[in-house]
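Working notes, structure below.
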Number of protein chains: 2
Amino acid sequence: MSISDLHSKVYNCDTCLFKLISCQYMEPVEFEKLRKVSVQLRFKKGEAILKQGARATHLAFLQKGIVKFYYEDEKGKNLILTITKSPSLIGGANVFNESMNLFSIQAVEDCEVCMIDLVMLKEIAMVNNRFLMKILEMVTGMFKDSILNFINLAHKQVNGRIADVILYLSSSVYRSQHFTLTLTRKELSEFAGCSTENVIHTLSRFHREGILNVKGKSIEINDLDRLQRISKVG
Amino acid sequence: MSISDLHSKVYNCDTCLFKLISCQYMEPVEFEKLRKVSVQLRFKKGEAILKQGARATHLAFLQKGIVKFYYEDEKGKNLILTITKSPSLIGGANVFNESMNLFSIQAVEDCEVCMIDLVMLKEIAMVNNRFLMKILEMVTGMFKDSILNFINLAHKQVNGRIADVILYLSSSVYRSQHFTLTLTRKELSEFAGCSTENVIHTLSRFHREGILNVKGKSIEINDLDRLQRISKVG
DNA sequence: AAAATAAGATGAAAAAATGCATTTTTCTAT
DNA sequence: ATAGAAAAATGCATTTTTTCATCTTATTTT
């Protein structure tokens, strides 16, 4: 992220979905207070948006791009909790109970993000219950998704987990049966909770069996039915 | 749970921790409204307190006992998310965003539970921000714990996962180095995310190696250091 | 108290997953 | 455009985990 980005307005707030949602619960004048203490930033692929363990000072709204939420353990191994496409509220996992970021968030492709000051946000939320409820809803929704994701992973074998990951990326991230990965095999393995080799082997097998068409970063789902069956059976 | 329990007062509200917390944020008169629409219940070991998929009508406060949160998948396989000891707020996982229970909660030993009406709770919370924030804090805290638990499981092998489960039960549930399990080996396996046999084998191995003293339901931690090391290494 | 059922334990074979060595391909920086 | 680095692919040996069969020990039920 270069200094110049701090000065240039990346996108117009008037078309912002977060503003749209917020203004259902507050007066434009009130939103203006929020806007004033917010900063628009660009992040290049691979750059850190929020860092686990750092003081949580902002809630972030992802305007454009794809990010990964991940947890870094003591041994430096990562675990991807979820991968999210814009538009989406990110980084609020601990808005209301922790002062440190529980997870890291990193750009998986070039992103545009609006960093919203937490102090002001809380201030407004404290005198505006419906807004507070809405934020709460978005934050707990994120938690819920992560947990359901973990549950999926927890009692399936690698076959089913990788099928899941592909189905998820296809339906919720790239929104197409044929997409170009912006994630490495290593990242897929951190999402599926297995070794990198296992991801590669499994993708090769799916390719050999005609379920997927895998060519490097390009992935096409050939046999959706069978992929879904593998996901179900585990 | 027998009908008679609906009429007998199981315990006194004046000593209730939930009342204590709540009354930091509301007048006793207001709390009285909440109390009036709440019901005290007893659950025997194995009984269902909340059922996944059912309409979420109550927030529950666990006065006494131990419960398990679990998710039932389509194939009828269970996955235990967490095991919690009283006193604790339970079943609020979806207070603010879902109308159905996301998980089931079951008594792992005899329990006393206060079922708090959600409609009234929300009503009060809507005009009492500090109370709303407190509830929010408790609810997201639960989510956070579950996720951190999953993270622990996700990149450890069975050895480390079982060490984790034992350490967790010892420190957070039974609160002793020597305890009598109220869970079956099958339940432990649903918590650790592995086969029942693997739990049995691993516990036997830990016993053989002098790390634990396992005799049926009785478990004693002999070598805490080594157990913690196994948990760390994975 | 005996019978029936469920839970726990053990060992061995089969399946799944990891780790390693090596090669090929792709990406990046100069 | 090319060298160097990183990522992807492949095959194999090893380890981990599951599954299955059998047996013992608890716990319920009648």
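Naming convention: chains lettered A, B, ... in sequence-line order (proteins, then strands); numbering from 1 in each chain. These numbers were taken from a predicted model, which means no experiment stands behind them. Every heavy atom of this structure was used, including side-chain atoms; hydrogens, water molecules and symmetry mates were not.
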Here the distance between atom P of C:dG19 and atom NZ of A:Lys186, to the nearest Å, is 13 Å
OG (A:Ser146) and CZ (B:Phe150) are apart, to the nearest 0.5 Å, by 10.5 Å
Sorted by number, residues from residues 214-222 of chain A placing a heavy atom under 4.0 Å from DNA chain D are A:Gly216, A:Lys217
Ring pair (Phe, Tyr, Trp, His ring centres under 6.0 Å) filter on A:Tyr70, not counting sequence neighbours, yields none
Donor-acceptor contacts under 3.5 Å from residues 77-89 of chain A side chains, at least two apart:
residue : atom : partner  : partner atom : Å
A:Thr82 : OG1  : A:Tyr168 : OH           : 3.4
A:Ser86 : OG   : A:Gln63  : O            : 3.4
A:Ser86 : OG   : A:Gly65  : N            : 3.3

**Report entry** Flag side-chain contact, heavy atom, 4.5 Å: A:Leu59 against A:Leu118
**Finding:** yes
Original post:
Are OP1 or OP2 of C:dA7 and a side-chain N or O of B:Thr196 less than 4.0 angstrom apart?
Top reply: no
ask   = Does A:Asp110 come within less than 4.0 Å of A:Arg42, counting only side-chain N to carboxylate O?
value = no
Sequence neighbours excluded, the answer for salt bridge (charged side-chain N to carboxylate O under 4.0 Å, His left out) partners of A:Asp117 is none
Heavy-atom count check: over 12 atoms from other residues, nucleotides or ligands less than 6.0 Å from B:Lys75 NZ? yes
Per the under-4.0 Å heavy-atom filter, residues of residues 225-233 of chain A near DNA chain D come out as none
Residues at least two apart in sequence or cross-chain that pass salt bridge (charged side-chain N to carboxylate O under 4.0 Å, His left out) with B:Glu72, listed by chain then number, are B:Lys51
To the nearest angstrom, the CD1-P distance between B:Ile162 and C:dA9 comes to 12 Å
Separation of C:dT28 atom C1' from A:Lys45 atom NZ, nearest Å, is 12 Å
From CD1 of A:Ile200 across to P of D:dA9 the rounded distance in Å is 6 Å
Residue set satisfying side chain to side chain donor-acceptor pair (under 3.5 Å) with A:Asn149, at least two apart, ordered chain then number -> none
Sorted by chain and residue number, the side chain to side chain donor-acceptor pair (under 3.5 Å) partners of A:Asp225 (sequence neighbours excluded) come out as none
Bend of the helix from C:dA1-D:dT30 to C:dT30-D:dA1 from end-axis comparison, five pairs per end, nearest 10°, comes to 60°
Distances under 3.5 Å between nitrogen or oxygen atoms of protein and nucleotides 15-24 of chain D:
residue : atom : partner  : partner atom : Å
D:dT17  : OP1  : B:Val158 : N            : 2.9
D:dT18  : OP2  : B:Ser195 : N            : 3.2
D:dT18  : OP2  : B:Ser195 : OG           : 3.3
D:dT18  : OP2  : B:Asn198 : ND2          : 2.6

With sequence neighbours left out, the residues meeting salt bridge (charged side-chain N to carboxylate O under 4.0 Å, His left out) with A:Lys217 are none
From CG of A:Leu203 across to P of D:dA7 the rounded distance in Å is 16 Å
Contacts of A:Arg226 meeting salt bridge (charged side-chain N to carboxylate O under 4.0 Å, His left out) (sequence neighbours excluded), chain-then-number -> A:Glu209, A:Asp223
Atom CG of A:Leu153 and atom P of C:dA17 are separated, to the nearest Å, by 13 Å
Can you confirm whether more than 12 heavy atoms, excluding those of A:Arg175, are under 6.0 Å from its CZ atom?
yes
